[in-house]
Structures are given as structure tokens and as C-alpha cells.
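A short write-up of the structure that comes next.
In listed order, ligands and their atoms are each counted from 1.
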Amino acid sequence: MTAELLQGCSTCTACALAYTRQMVVIARGNPNAELMLIGEAPGAREDATGLPFVGRSGQALDRLLSDVGFDLERDLYVCNAVKCRPPNNRRPKRAELAACRPWLDRQLELVDPDVIVLAGATAVEAILGIKGGMSQLRGRWQHWNQRAVMPVFHPSYLLRNPSDAPGAPLDLTRGDLSAVRRRLCER
Ligand code: URA
């Protein structure tokens, strides 16, 4: 993470979330990775530690990424559309997404990923501007600014739907992440 990004985000007061956060949550993983995963916003554990996807959702996500062969430290950069925790884990408001967007754009510029995974509807809406059901959107390659983009179910949805049966959300997500890995390996 660059000092400029850290300093800028840590002192940001562009929206009201700045006044309820404990820590700004910027990123984890490899800033030189070819893959960037974007989630929604920090939860309680992320707010306390300053790292994205380290709570239950994050553990579920890490397990899936490891299952399909990703090295979590080396192969991806993980961040969120919004860098501060919304109170009670509510969805970020449109104005909060807009206020935080310059930081996400800066991350995209710095990391310059070839492939982006969008975890959940908020990230899909933030990047692709598409509002819709994740059941329709997931698993279909999209393109944004010359980058390949794969929407996947949000890990918190997977925690609420833990069946590992073929065709269940977990199984579908494993398939979607495998497709991402294949695409990166084929290049
Ligand atoms: N934790 C995060 O960092 N992001 C999410 O979208 C959910 C949990």
C-alpha cells in the first residue's frame, strides 16, 4: 500500500462513516497482483483490525480461494467499495459509495489488475453500474475498462446458504473462482 493511499484514506472525512469508524480498512494481499477482489464494506472485525475480509465472511472467502488454488498472499489484492464500516453492517448508501469512489479508483490505478472479482451486488453496482439479482449476474464474464470482471456471490450469502451440494451457491462460487484462476493461468 502506498503511503499516499494510507495517509489519504486514514484522514478521509468525505462521508459520515468517518465519525463512527474505528479503523479505515484499505486492503490486504499483493498490490502487484493481477487479480483484485472487491467486496462491499468492512464489518465489525474488519473495523477493529483495519484489514478487509478477516471476519467470518472473509474466512469463508479465503477457504474458497484456497480450494481453487489461489495463494492468498501472492495472487490477489483484496479491498472493498467502501473503506469504513457502516453502522450495524447496513449496506453502504449511494452517497457513501460515491464519497469513497476516488479511493477505489486510486487502488484500481495503482494495482492495475487484469481481472477483477466483484463479491456481491454492492460491488457489482459500484463498478459495472448494474443493479440486479446475483443469481443472474454471477458466473458471467463482464468487461470494464479493458479488464475482465467476474461477479460472484458475496461470502455472507454463502454463510447463510451453507449447502455444499452440486449446483448450490457454494459449489457455483467455487466454479466461478476456478474460471477466474483458469483465465489468469492461461494468459
Ligand atoms: N468484510 C469485508 O471486508 N467486506 C465485505 O464485503 C464483507 C465483510
message: If I compare all heavy atoms of Val54 with all of Gln59, which pair ends up nearest, and what's the gap?
response: O-NE2, 3.5 Å
For atom [atom1] of [X], is the number of surrounding heavy atoms from other residues, nucleotides or ligands below 6.0 Å larger than 12?
X: Gln7; atom1: CD; result: no
X: Arg45; atom1: CZ; result: no
X: Arg94; atom1: CZ; result: no
X: Asn88; atom1: CG; result: no

field: Polar side-chain atom of Arg181 near backbone of Val68 as donor-acceptor pair, under 3.5 Å
entry: yes
Can you produce the list of protein nitrogen or oxygen atoms under 3.5 Å from a nitrogen or oxygen of ligand 1, alongside each distance?
residue, atom, partner, partner atom, Å
ligand 1, 1 (N), Glu46, OE2, 3.1
ligand 1, 3 (O), Phe53, N, 2.8
ligand 1, 3 (O), Asn80, ND2, 2.8
ligand 1, 4 (N), Ala41, O, 3.0
ligand 1, 4 (N), Asn80, OD1, 2.8
ligand 1, 4 (N), Asn80, ND2, 3.4
ligand 1, 6 (O), Glu40, N, 2.8
ligand 1, 6 (O), Ala41, N, 3.4
ligand 1, 6 (O), Asn80, OD1, 3.4
ligand 1, 6 (O), His154, NE2, 2.8

